[in-house]
Amino acid sequence: MKLATFNINGIKARAPALAEWLDEAQPDVAVLQEIKSVDEAFPREMFEDRGYAVETHGQKSFNGVAILSKLPLEDVTRGLPGDDEDDQARWIEATVVGKTSLRICGMYLPNGNPAPGPKYDYKLAWMERLHARAQDLLKSEEPALMTGDFNIIPQAEDAKTPDAWRDDALFRPESRTAFRRIVNLGFTDAFRARTYGPGHYSFWDYQAGAWQRDNGIRIDHVLLSPEAADLLKDCKIDAYIRGKEKPSDHVPVWVELDI
DNA sequence: ATGGCACCATCTTGGTGA
């Protein structure tokens with residue numbers, strides 16, 4: 001099974017590019033972030049026509065996540081547990097039913113800038129809730145993964161110019177510590193299980209010719225539970241997508257699992 | 001040191017992002 005994560009930066013602006021990539025890459029499951037749309041306005045027919053089940057958790061203008069799947073989706077839930085006051089649409093879960101079932105968590109983790117400040121406090125509090133959900137996922141001892149736009153640069157090698165990110169919410173020590181705490185519960189960063197070394201990015205800013213200079217960062221991740229990590233066959237970043245017409249500032253990251 | 005670009009809303013400008 002091929003599963004991809006893709007921050008599309010707006011479904012209205014990206015629908016044609018997203019459809020083209022789906023036709024090329026043929027993922028069985030696509031976990032989307034920043035749909036920036038309410039559920040009713042999501043062009044679901046475009047994807048249902050391609051054989052995907054469509055589950056969205058949207059909101060007006062900002063945020064919003066979705067799961068597209070060619071396999072049946074069950075037990076869909078929306079919202080990250082732990083704060084009833086939080087109305088930002090950043091989390092969706094579903095179980096994909098294949099020859100083995102897989103629990104999928106799709107996230108758009110808060111950016112957190114400027115740091116320090118209330119937005120950074122929200123990011124760290126959100127990651128505490130993520131840690132709690134991650135613990136519960138592991139208790140099931142079933143194949144599970146958490147994927148999406150983590151807005152975390154895990155290591156210096158995951159940025160072309162790490163010094164430029166030193167005080168940024170994506171790279172500050174507290175952010176990386178919170179990410180490591182979650183990984184250290186027993187998750188595998190799928191990309192780093194397959195590829196080592198610098199020069200692998202999933203985001204390039206629209207500004208200052210970042211793509212042309214390859215000034216990128218790796219912030220879109222797939223974290224596998226031990227049971228899912230045992231099924232990992234491959235993980236790659238479709239960086240070439242960033243060079244197409246009207247691209248998102250993120251590109252797809254995909255895993256192939258023996259499911 | 002700064003801003004640069006793109007998206008969204010309904011506004012031709014400001015909020016947000018990373």
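Every chain is numbered from 1, with letters handed out A, B, ... down the list of sequences. Fair warning: this is a prediction, and the values are worked out from it, not measured in the lab.
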Query raised in the report: Does A:R90 make a cation-pi contact with A:Y108, if we ask for NZ or CZ under 6.0 Å from the ring centre and within 45° of the axis?
Result: yes
**Report entry** Lys NZ or Arg CZ of A:R172 over A:Y120 ring: under 6.0 Å, within 45°
**Finding:** yes
Query - Complement of B:dT2, any strand, by Watson-Crick or G-U distances under 3.5 angstrom - result: none
Requested in this report: Using Watson-Crick or G-U wobble geometry with both distances below 3.5 Å, tell me the partner of B:dG14, or none.
Outcome: B:dC8
For the side chain of [X], counting heavy atoms from C-beta on, which of [options] is nearest?
X: A:L170; options: B:dC8, B:dG4, B:dA18; answer: B:dA18
X: A:Y108; options: B:dG17, B:dC8, B:dA6; answer: B:dG17
X: A:K12; options: B:dA6, B:dA18, B:dC8; answer: B:dC8
X: A:N111; options: B:dA6, B:dC8, B:dA18; answer: B:dA18
X: A:A208; options: B:dA18, B:dG4, B:dC7; answer: B:dG4
X: A:F62; options: B:dA6, B:dC8, B:dT16; answer: B:dT16
X: A:K60; options: B:dT10, B:dA18, B:dG4; answer: B:dT10

Take the protein atom [atom1] of [X] and the nucleotide atom [atom2] of [N], then report the distance between them rounded to whole Å.
X: A:N9; N: B:dG17; atom1: CG; atom2: C1'; answer: 8 Å
X: A:R213; N: B:dC5; atom1: CZ; atom2: C1'; answer: 14 Å
X: A:H250; N: B:dT16; atom1: NE2; atom2: P; answer: 17 Å
X: A:N63; N: B:dC7; atom1: CG; atom2: P; answer: 17 Å
X: A:I8; N: B:dA6; atom1: CD1; atom2: P; answer: 17 Å
X: A:N215; N: B:dG4; atom1: CG; atom2: P; answer: 17 Å
X: A:Q33; N: B:dC8; atom1: CD; atom2: P; answer: 16 Å
X: A:D249; N: B:dG17; atom1: CG; atom2: P; answer: 12 Å

Query raised in the report: Checking all strands, does A:D168 fall into the base, sugar-phosphate, or nothing category for heavy-atom contacts under 4.0 angstrom?
Result: nothing
Query raised in the report: Across the strands shown, which category fits A:K119 at heavy-atom distances under 4.0 angstrom: base, sugar-phosphate, nothing?
Result: sugar-phosphate
Between [X] and [Y], does any side-chain N to carboxylate O distance fall below 4.0 Å?
X: A:R103; Y: A:D136; result: no
X: A:K244; Y: A:E20; result: yes
X: A:R181; Y: A:E128; result: yes

Query raised in the report: Is it true that A:F191 and A:H221 have ring centroids separated by less than 6.0 Å?
Result: no
Span that lies between the [atom1] atom of [M] and that of [N], in whole angstrom:
N: B:dT10; M: B:dG14; atom1: C1'; value: 12 Å
N: B:dA1; M: B:dT12; atom1: C1'; value: 29 Å
N: B:dG4; M: B:dG15; atom1: P; value: 15 Å
N: B:dG17; M: B:dG3; atom1: C1'; value: 15 Å
N: B:dC7; M: B:dA18; atom1: C1'; value: 14 Å

Report summary line: Of A:S37 and A:N151, the one whose nearest nucleotide on DNA chain B sits closer to the 5' end is A:S37
Query raised in the report: Given that A:D205 and A:G10 both sit by DNA chain B, which one's nearest nucleotide is further toward the 5' end?
Result: A:G10
Report task. Check whether any side-chain N or O of A:K246 sits under 4.0 Å from OP1 or OP2 of B:dC7, and answer yes or no. Result -> yes
Query raised in the report: Quick one: do the A:D214 and A:W204 side chains pair a donor with an acceptor below 3.5 Å?
Result: yes
